[in-house]
Structure formats: C-alpha cells, structure tokens
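Note sheet for the following structure.
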Amino acid sequence: MKIAFLTSIYPAHAEKIYKENPSLKNKSSDEQMEFIRWHALSSYVRWFELLEQRGYKICIFNCCLPKVEFAWAKENKFITKSKNPVMEIGKEKIKCFKPDIIYCFAPTLYISNGYLDELLGEFTLKPKTIAWYGANVGDENIFNCVDFTLSNSKHLVKKLCAKGNKAYFLQHSFDPIILEHIKVPDFRKKRMGFFGNIDVSTIDFEIRTKTLERLAANSEIFDLFGQIETPTIKETIKFNLLKYRQITAHMMENICENNKIKKWAQEKNMPPSPWKYSRKFVHKIKKPKFGKEMFQELVHYLIAFNFHNQHTGNYACNMRLFEATGLGCALLTDNKSDIGQYFENGKEILTYNCVDDAIEKMEFLLNNQSFAHEMGKLGQNKCIESHNTPNIINILCQYFQKIVLI
C-alpha cells in the first residue's frame, strides 16, 4: 500500500535549522529530509521508517520546506510554471507516486485553501483521504471532504461523529529512540519548566497563559519557553507618551479650563495598552525551543508543567503528556476526565484542578524532590511501555486497512 503524507513544520524551526546548517540546502532532497528528521525530533521521527518496515511505501510533501521540494524538482527534471511553485511541485510529486491513501497532517495548509481538492483532481482513480485534527482549524466542515479523520482528542472525535463525519481516535505517543539522540543528565535542575504556546489572542490558550502568569508570579524556580507577542518600540513609545499626557492633563484639569485637557485627562479616552501581559511576565519568558533542542532542554528539568488548550475538551490528549513522562520528568498536568487511562495520578503523574491547586502541587514537588524523582521514573516506565510510537503505528496500520474497505 502506498501512502502520501502532506506534512508541515514550524517555519521558524525550519529557518533555524537551515541557518545553523548553511550547507544543508545544497544536499539532495532525501538528504535534507533525513537531516531535518533527526533535528526536528518528535514522536513522529520514525513514523515513516516504521511504516516502511511494515511494507508500506511512503511519499512526503512538506510545503514549509521549499528547499527540499525545489531539490526534488531539480532531481526529477520538473519545471514549475505557476505562481506557487512549491505547491505545484507537491502535486507533481504525489501524482507521480500514485498513492492509495493521502494523509493530511495539516488541514489548514492543505484543505482550507482547496489544495487537497485540486490534488485529487489530478487522479482518475482518486486515493482515499485521511485528515489529522488536533489544533483548532476554525470551520470543522473542512473535514467533510475526506474519507475519515483521526484525532488525538476524544472530544473532537465525538464532535465530528455527531456531525456525520467518520472520525477515529489515535493518541499521541513517545518514541524511546529520542533518548538515544539526546544527553540525559545525571542530575536534574530543581526547577519546573514549561514549553509551548503563550498567547491570549484565542480562548484556546488564554486561560493557560493567565495560569502561567499566576504561577510565574508565585515562583522564582519556574522557567517558561515560548513565543510571545510584544509591542514594537514605536508602539511602546507612543503609548507611554499618551499615558504621560493623560497623567499631566489630569493634574492640570482643575487648574486650566480647557476642553482638550479635560478630554486627555480621562483614562477612558486612552487607547488600550499594547502590552497584553505584564512586563515582568514577558521578561521571564525564554526563547522557544523546538525538536531535539527542546527535548535536550526539557530533560534537564525535575518537573514539567502541562496545560491543555480548551479546544480539545475535558480529555487528556496533548503531546506534552508523553514527551515529559517519556523523558522522565515529574509531570504536573491539568486534571482531565480520562487521565487515569494513561497514568496513575499521585504515583506516575500529579494533577491539579485550578491555579491555586497547581501552585500548591508545584511547591509540594519542589519540597519533596525524592518523591518527584520517583514519580518521574514511574511515569517514564509507563510511557515507554504503554504509550510508545511503535504501538501507535500498529493502530494506525489498522486504520489504513479500514479505509481501503470504505
């Protein structure tokens, strides 16, 4: 069976890999992909390898890696003609491969814009289609165009099934091979670390970000890594000048009878602050880390903090559950209805129910480090034994067999 994967990578991560390895762009498309595979380390690192071991033939297109795709076009003497050459190369690449199944990992990149429909139009006998649904995609009707959808969230699976879509559950995992590609320290930092999205622009992450801000304010041994939006120098200066004018006008309004001064004096007439978060919180946040670099940093922490976004409902499902435990960190995570199906609370992981509870549990773990070390070991054993990538690939293969019968 032949599977074509439509994949993605954080553009900032891809840019960093090429910047740190300038000769990479001169290598073949396969060599570039192999290099990126082990630097963009994740639970997916051996997906394609494990599938090939099971007899599947694999083709990968990643629109976020134009240097890889242009190298493929050169190797296959394909000359682009459109204004979007990378996507054109993807069509040619997959059309030549003649897949039985097209698996779309990034629906917002390949389905929302009509690309998958255009791609399917290249085939007389159309391949079966699978989409992955993890992050918020906005309009869930985009999944109407695929044969079925896989998701790590039972909540999202239920939502799609209620709408008449075929949707199935496939949990995230941890690949033990990751431990062979990083240096595991003899001693861990007696600190707690968080790695992930930090923003308040969507309800999905707003609650999490406010929780992180509270935790950071209550502990000097909590490190955060992530991308955070901050105002430009121009925006900051403009707001500060307007604030200075407002304060000055407020001091003068009872002395000087002037309508403009009275208007400037009113705080309600001030524009909203360009700072969405407190400056103290922003200054605590370290630059985001991805892939191998993220794993190498996370493995040094005694405690890993986790908070699901709101979009996936009251179910334990995100990747950090398995990455943190797989690395042997003591995981402090938000309590979900099915968390006990993955780890034993109080023994293999520790859960919290609200911000105050999280602060209390964080302090408990930091004050009881032998317990935290033991919990990290037990959580790691459970993760590697039960939630490993080869096990998940076996389930994925069952879905591949299922879809060809539809």
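This is a predicted model, so every value here is computed, not measured.
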Handout entry: Residue list, side-chain hydrogen bond (donor to acceptor under 3.5 Å, both in side chains) with D175, at least two apart or on another chain
Key = R46
Exercise for the section: Output yes when K284 and E220 qualify as a salt bridge under the 4.0 Å nitrogen-oxygen rule, no when they do not. Expected result: yes
Name each donor-acceptor pair under 3.5 Å that joins a side chain in residues 162-169 to protein atoms two or more places apart or in another chain, with its distance.
from	atom 1	to	atom 2	distance (Å)
K163	NZ	E140	OE1	2.6
N165	ND2	F143	O	3.4
N165	ND2	N144	OD1	3.0

Completion exercise
residues 106-116 vs side chain to side chain donor-acceptor pair (under 3.5 Å), sequence neighbours excluded, gives none
Exercise for the section: Give a yes or no on whether a salt bridge exists between K238 and E235, defined as a side-chain N under 4.0 angstrom from a carboxylate O. Expected result: no
Exercise for the section: Could you list the residues that satisfy side-chain hydrogen bond (donor to acceptor under 3.5 Å, both in side chains) with Y56, not counting sequence neighbours? Expected result: Q401
Exercise for the section: Return the set of residues passing salt bridge (charged side-chain N to carboxylate O under 4.0 Å, His left out) with R54 (not counting sequence neighbours), or none when no residue passes. Expected result: none
Handout entry: Residue list, side-chain hydrogen bond (donor to acceptor under 3.5 Å, both in side chains) with S82, at least two apart or on another chain
Key = E88
Handout entry: Any pair counted as salt bridge (Lys or Arg N to Asp or Glu O under 4.0 Å), so long as it reaches residues 179-190, sequence neighbours left out
Key = K189-E297
Problem - Pairing residues for H311 by the ring-ring contact (aromatic ring centres under 6.0 Å, His included) criterion, not counting sequence neighbours - result: Y133
Exercise for the section: Any salt bridge (Lys or Arg N to Asp or Glu O under 4.0 Å) involving residues 97-108? Give me the pairs, sequence neighbours left out, ordered by first then second residue. Expected result: none
Problem - Non-neighbouring partners of D338 that pass side-chain hydrogen bond (donor to acceptor under 3.5 Å, both in side chains), sequence neighbours left out - result: K154
Exercise for the section: To the nearest 0.5 angstrom, please state how far the OG1 atom of T312 sits from the CG atom of L156. Expected result: 6.5 Å
Problem - Qualifying residues under ring-ring contact (aromatic ring centres under 6.0 Å, His included), relative to H250, sequence neighbours excluded - result: none
Atom pairs and distances, donor-acceptor, side-chain atoms in residues 20-27, under 3.5 Å, two or more places apart:
from	atom 1	to	atom 2	distance (Å)
E20	OE2	K16	NZ	2.5
N21	ND2	I17	O	2.8
K25	NZ	P22	O	2.9

